[in-house]
Student: 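Sending over a structure as structure tokens; questions will come in a sec.
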Amino acid sequence: MKKLNYLLVIAAAAFTFQSCNHVKDAKNIADSLNTSKDTTTNATVTGAIAVNSADAKFATTAAVGGMAEVALGKLALTKTSNAAIKDFASMMVADHSKANAALAAIAKIKNITLPAGPDSAHLKKADELSKLNGADFDKAYVDAMIDGHKKTLDLMNNEAKNGSDTTLKAFAAKVVPTVQKHLDAINKIHASMR
């Protein structure tokens with residue numbers, strides 16, 4: 001009962017905080033909830049998080065990026081006529097959906113709150129891309145994928161090397177080759193567009 005009351009207080013605080021500060025996005029809310037759970041002094045009442053705050057932040061960052069890749073991949077499937085970009089976008093939807101599901105399963109076991117949707121930066125990028133068509137869309141999408149996959153590769157490599165939680169470290173290490181494959185594929189598409 002105490003745990004339920006605690007969760008209700010946290011949820012109410014999150015909604016209140018969100019309504020007072022419209023710039024709070026899904027990732028920031030999840031990070032705040034994870035910070036409030038990150039305690040070892042009163043674990044039975046708080047439902048203490050099973051990983052440290054750095055690992056929890058990795059999980060929220062990876063989740064936001066994965067959701068954005070799926071959303072942008074679906075957008076690209078509707079906006080491009082370039083066969084290579086369509087194939088790449090299909091790969092984004094499939095591979096990132098699979099990784100997102102694996103991360104969600106880990107988060108559930110580790111008591112990590114993941115964001116409900118992409119963060120404001122990814123939403124802004126999706127909005128910008130949705131307004132483009134043809135070659136303008138293709139160029140902007142490819143550039144966004146190169147930038148995003150470089151950041152994701154750094155994120156995964158850092159967690160695989162420096163993370164504290166063995167399950168999240170293993171997840172990151174397993175995802176690294178897939179992200180590298182994506183980066184290589186999008187770089188090849190980029191080179192063919194010159």
Student: Rounded to the nearest 0.5 Å, what separation is found between the CE atom of Met156 and the CZ atom of Phe58?
Tutor: 4.0 Å
Student: Could you pull out all residues at least two apart from Lys79 that satisfy salt bridge (charged side-chain N to carboxylate O under 4.0 Å, His left out)?
Tutor: none
Student: Between Glu69 and Met145, is there a side-chain heavy-atom distance shorter than 4.5 Å?
Tutor: yes
Student: What residues, two or more places apart in sequence or in another chain, satisfy side-chain contact (heavy atoms from CB on, under 4.5 Å) together with Ser97?
Tutor: Val70, Val93
Student: Taking atom CG of Asp143 and atom CE of Met193, what is their separation to the nearest 0.5 Å?
Tutor: 7.5 Å
Student: State plainly whether one hydrophobic cluster holds both Phe137 and Leu77, where clusters connect Ile, Leu, Val, Met, Phe, Trp and Tyr through side-chain heavy atoms under 4.5 angstrom apart.
Tutor: no
Student: Are the charged groups of Lys150 and Asp154 less than 4.0 angstrom apart, N to O?
Tutor: no
Student: Just to verify, what does Lys174 make a salt bridge (charged side-chain N to carboxylate O under 4.0 Å, His left out) with, not counting sequence neighbours?
Tutor: none
Student: Under the ring-ring contact (aromatic ring centres under 6.0 Å, His included) test, which residues partner His122, sequence neighbours left out?
Tutor: none
Student: Can you list the residues that meet the salt bridge (charged side-chain N to carboxylate O under 4.0 Å, His left out) rule with Lys181, with sequence neighbours excluded?
Tutor: Asp95
Student: Find out if a path of hydrophobic residues (ILVMFWY) with successive side-chain heavy-atom gaps under 4.5 Å connects Met67 to Leu103.
Tutor: no
Student: What distance do Tyr141 atom OH and Ile186 atom CD1 have between them, rounded to the nearest 0.5 Å?
Tutor: 6.0 Å
Student: Can you tell me how far the CG atom of Asp136 sits from the CG atom of Leu129, to the nearest 0.5 Å?
Tutor: 11.0 Å
Student: Hey, are Lys151 and Asp147 close enough for a salt bridge, meaning a charged N less than 4.0 Å from a carboxylate O?
Tutor: yes
Student: Quick check on Lys86: does its NZ atom have over 12 non-hydrogen neighbours (other residues, nucleotides or ligands) under 6.0 Å away?
Tutor: yes
Student: Taking only residues two or more places apart in sequence or in another chain, which ones pass salt bridge (charged side-chain N to carboxylate O under 4.0 Å, His left out) with Asp184?
Tutor: none
Student: Taking the six-membered ring for Trp, are His149 and His190 ring centroids under 6.0 Å apart?
Tutor: no
Student: State the NZ-CG distance between Lys57 and Asp55, to the nearest 0.5 angstrom.
Tutor: 12.5 Å
Student: Could you please spell out the steps behind the side chain to side chain contact (heavy atoms under 4.5 Å, CB included) verdict for Thr167 and Ile109?
Tutor: CA-CA 10 Å; Thr167 306; Ile109 292 166; over 6 Å; no
Student: Working to the nearest 0.5 Å, report the span between CG of Leu75 and CE of Met92.
Tutor: 14.0 Å
Student: Would you say that Asp165 contacts Asn52 through its side chain, given a criterion of any heavy-atom pair below 4.5 Å between the two side chains?
Tutor: no
